[in-house]
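Note sheet for the following structure.
These numbers come from a predicted model, not from an experiment.
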Amino acid sequence: MAEAPRLRLYSIPPHRAFADALANGLLRRYGRDPMALARGFVLLPNNRAKRAITDAFVRASDGGLLMPRLVAVGDPEIDEAVGPFADPADDLDPIPPAVAPLARRMILSRLVAEERARAGRPVDAAEAVRLAGDLARTLDQLLVEEVAPDALKTIRFDEPLQTHWERSLAMFETVLVRWPQELAALGRIDLAVRRRRLLDRLIARWRATPPPSFVCAAGIASASPVIARLLRAIAELPQGSVVLSGLAIDMDDAEWDLLGPHEPDPVTGRRNRSLETHPQFQLKLLLDRMGVGRREFETWRAGSEHDAKPARSRTIESALAPAERTHDWIDLPADRRSLAGVQALDVPTPAEEAQAIAIALRQALETEGKTAALVTPDRALARRVSAHCARWGITVDDTAGQPLSVLPPGTMLLALADVAAQDFAPLPLLALLKHPLACAEEGRLEWLEGVRRLDRALRGPRPAPGLAGLDVFLADAEGREGALRRAAAPWWEKTRPMLAALGQAYAGGPRPLPELLGALRDAATALGGDALWSRPEGRAAAELLDTLEQEAVHGPALVEPESIGAMLRTLMDEVAVRPPRGGHPRLSIYGLLEAQLQTSDLTILGGLNEGVWPGLPSPDPWLAPRIRAELGLPGLERRIGLAAHDLANSLGAREVLLTRAHRDASGPTVASRFWLRLEALSGGLTRAQSLARWTHAIDDPGGYAPSPRPEPCPPVALRPRQISVTEVDRLKADPFAFYARRMLRLAALDPVDADPSAAWRGTAVHGVLEDWARQDGFDPAKLAGRVETLAADPRTHPLLRALWVPRLREAVGWIAGQVAAQVAGGRSILGVEGEGKIDLAGVELRGKFDRIDRLENGELAVVDYKTGQPPSTRAVRDGFSLQLGLLGIMAERGAFKDIAGTATGFEYWSLAKKGDSFGYVATPVDPAGKFNRVPTDRFVALALHHFTEAAGKWLTGGEPFTAKLKPEYAPFAEYDQLMRRDEWYGRE
């Protein structure tokens, strides 16, 4: 029997820089003959690894170098990438092309939607696309693991599955039956199947005719069966070799056997659970499928100047040992617990973590030739670090990229879908029009001026829905808002046509997806122009939209317009846009996948919290964990083991900085299990104290001096000489607020799309009552009709129509009855909603009354309508809420046309609920001063006294406008930020 060929199997330990060690080793073996090296072939895990190996060859070469062919094992056209290494000895049947990813997604979404509808649990298109993504991933796992779909029918359980898992499994099986039929109709196959056939064909060719030059598979950790067969075939080639990263060659056999996968028990048939969270599990599974033993591997002999000390690899192996072996830590020798060169930094917040990492990267640049890299799965942290580096003019590219959904072209498309789905409501409309890509080329300043005018006009309650509702709203020039609407209308007339087609397409129920996407694309082009589709992110958005529009015919026949935004967000989240090379040559930011095989002098491992590194396992909504285990699919915790392997390899750098934040946006965080293991093994990680001090010092102002209570004191000559009765309380309780409003002319804007405020409700009620008085002559039978007109007005907010109008109906019924009874008793109404002014205490006092009546005895009664509670008696006695008294003074002094007499009646007609009904009359006065009220004959004099005192202090006098002088009567907070209230309130 012929002797089995020796397999060339190697491993590069974590403490060595993988790319440099591999390049040096290949140069040492084949570099004497430049053409021998150039004819070689190196198979790598991904394209980022190709770049890393290329850089390593450049560093290792003295001058010019003809490099070997570098090919990523995941290349969908690997037969073409391999080139002459895969020339067939004879003609082979062509392998069908793979189905396009989006076509596959659309087909699966249609199948999911149809099956869910058939099961009586329909979903919209967005949810169907999301579920199709999960279905595609599960299907790919079956194909990669070479599990036949029929295997689902052979699974038997002692206990039945839960109901929702049974439903999901039944639907999954149905889709699996229909899916091959869909592929056959297209003449396509799955990409995973095509890749497997290509690799199997390559294996067959190489076994039949070995390549004449060397073949090296390096850094590949995938344990799929076809990859295992490929690596086995390469190892058997005369000049083949397999080089793994971080294989624990020296781990003892008992610990190695704990990892699994385990054989089923011969009696029960059950398997012990594999330790899929261990960093070596994936490699052990790969070795088992290759049919090789761990002891057959040798340590790759080449190294580089970037290597750490060998003790680092032993420490990493100890730190990530199975939990059953951690009790041995206390007896480990020092060289298996040493973390020399590794520092840690834990800070309170992610902002400080990003700041510290940026400082560490900046510090690395102070050493000539030194390289540094941040490795983190947290893309938000990566973006923050990149932004912090920009303060020094340093551009650091995040090679993991950013999701298209957070980049400007993506957010603009999502904003368009959102504004159409919400029928052009003010908030999404303004968010779209203010987008940085909207009219980003010529005329941007004019565009922004128009948007600002529209913003001002849309402040307050929402107009009627749709573009037509906006047209009606802006055409209404009545009231104080009329000027703002008139100013916005011309610009809106020019902008509206850009959105008209989108509004038409998204109105009227479900439509074909290509039609909706076409309208979205046209509107986006009209708004953004060429700037929208330029740069890598714009081209990615254009490609996604174009491909989706082409493949939409395979998806659901009709799509609800409201689901387009969620569908696009789901698809955009899966598109990573990577920046073109152009960042700093010595600084990098990597994701976990991109960091594989990379080399740097300083490696920063950021975001070491549970849920981040390692991340939370992604649930599979289609197959229950028990089913996945029986089928031999990767467990949901397999990703934790892969994250541990990535950490182990990154820990091998010469200098390592570990970072984490104690909190994130949602609350306190828990340190990563890897962080805790390193802490426990080493007896406490060495803290980067100097970096922590820099982090705190860089933005430390050196001292905090709280602002004093503001007391502006402008010259008397510049102070206002006019005041309304409604402003007197503000002047007395919060003089600074009066100063800001009247002298600085600062007024708080209503929110966009605001819920109707108390002021809005009051204005609506006063309008109803004024129309009833002026047009209906106080006819009790017609007041209710006025309320119904208000309710039917499209400008009335739906919340008011549903909750407030029913209460108003009952309250106005009370008003109509109250007025009729008083008129019948001899009381007459002299005027409603009248305005006037008088000179009082050296200033002009202006006021507007709701109603003034002539009492039976000929005296005057001032009536004020309230939609809420009237002022308290205590406020009146303290000199506040004296509006009725001031109106009484004005009436007595002839400020109001055709009204004269002595004011002795002061009434609040409240529409609030009291007891079991709505509506009651309250008064701040009493003839005898009962109930702690002001005696009627003293009320006008009291109002005059307090007004004269206030005017003499702040309007005609030189008293400073002190902030929050009487805070208990100054509940309004519009100017609290301007007065920096929180810095001084409570300190004075």
Could you measure the distance from the [atom1] atom of [X] to the [atom2] atom of [Y]? Nearest 0.5 Å is fine.
X    : Y    : atom1 : atom2 : result
E562 : D418 : CD    : CG    : 11.0 Å
R496 : L467 : CZ    : CG    : 4.5 Å
R893 : L845 : CZ    : CG    : 10.0 Å
L886 : L840 : CG    : CG    : 8.0 Å
H435 : M412 : NE2   : CE    : 6.5 Å
L499 : F424 : CG    : CZ    : 5.0 Å

State plainly whether the residues [X] and [Y] are in salt-bridge range, i.e. N to O under 4.0 Å.
X    : Y    : result
K732 : E949 : no
E727 : R730 : no
D878 : K966 : no
E788 : R809 : yes
R384 : E352 : no
R721 : E844 : no
R980 : D982 : no
R391 : D699 : yes

request  = Step through the shown structure and confirm whether more than 12 heavy atoms of other residues, nucleotides or ligands are within 6.0 Å of CZ on R874.
outcome  =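 Counting neighbours around CZ of R874, 12 or fewer heavy atoms of other residues, nucleotides or ligands fall under 6.0 Å, so no.
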inquiry  = Can you tell me if R456 has over 12 outside heavy atoms packed within less than 6.0 Å of its CZ?
reply    =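 It does not: R456 CZ has 12 such atoms or fewer within range.
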task = Assign the ring pair F961 / F738 to parallel, tilted or perpendicular, where the plane angle (0 to 90°) is split at 30° and 60°.
result =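 The rings of F961 and F738 lie parallel, inter-plane angle below 30°.
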Is the cationic atom of [X] (NZ for Lys, CZ for Arg) positioned less than 6.0 Å from the six-membered ring centroid of [Y] and within 45 degrees of its normal?
X    : Y    : answer
R851 : W909 : yes
R741 : Y975 : no
R981 : Y985 : yes

inquiry  = Before you tell me yes or no, could you show the steps for H662 and T349 under side-chain hydrogen bond (donor to acceptor under 3.5 Å, both in side chains), namely the whole-Å CA-CA distance, both residues' side-chain angles and the distance that decides it to 0.1 Å?
reply    = CA-CA 6 Å; H662 294 166; T349 66; over 6 Å; no
Donor-acceptor check, side chain of [X] to backbone of [Y], threshold 3.5 angstrom: yes or no?
X    : Y    : value
T873 : R933 : no
R761 : T867 : no
W954 : P960 : yes
R742 : P720 : no
D734 : K964 : yes

Taking all non-hydrogen atoms of both residues, which atom of [X] and which atom of [Y] are closest, and how far apart?
X    : Y    : value
P708 : W984 : O-CD1, 3.7 Å
E974 : A748 : CG-CB, 3.7 Å
A425 : D753 : CB-OD2, 4.4 Å
F906 : P924 : O-CD, 3.5 Å
S881 : V876 : O-CG2, 3.9 Å
R485 : D476 : CD-O, 3.2 Å

Hey, are the side chains of [X] and [Y] touching, using non-hydrogen atoms and a 4.5 Å cut-off?
X    : Y    : value
V862 : Y908 : no
W772 : V812 : no
R663 : P348 : no
P870 : Y920 : yes
V832 : D850 : no

Name of the residue among L474, L470, T495 meeting side chain to side chain contact (heavy atoms under 4.5 Å, CB included) with L454 =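 Among L474, L470, T495, the one meeting side chain to side chain contact (heavy atoms under 4.5 Å, CB included) with L454 is L474.
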message = Can you pull out every ring pair (Phe, Tyr, Trp, His ring centres under 6.0 Å) where at least one residue sits in residues 873-902? Sequence neighbours excluded, please.
response =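 Those involving residues 873-902 are F849-F896, F880-Y969.
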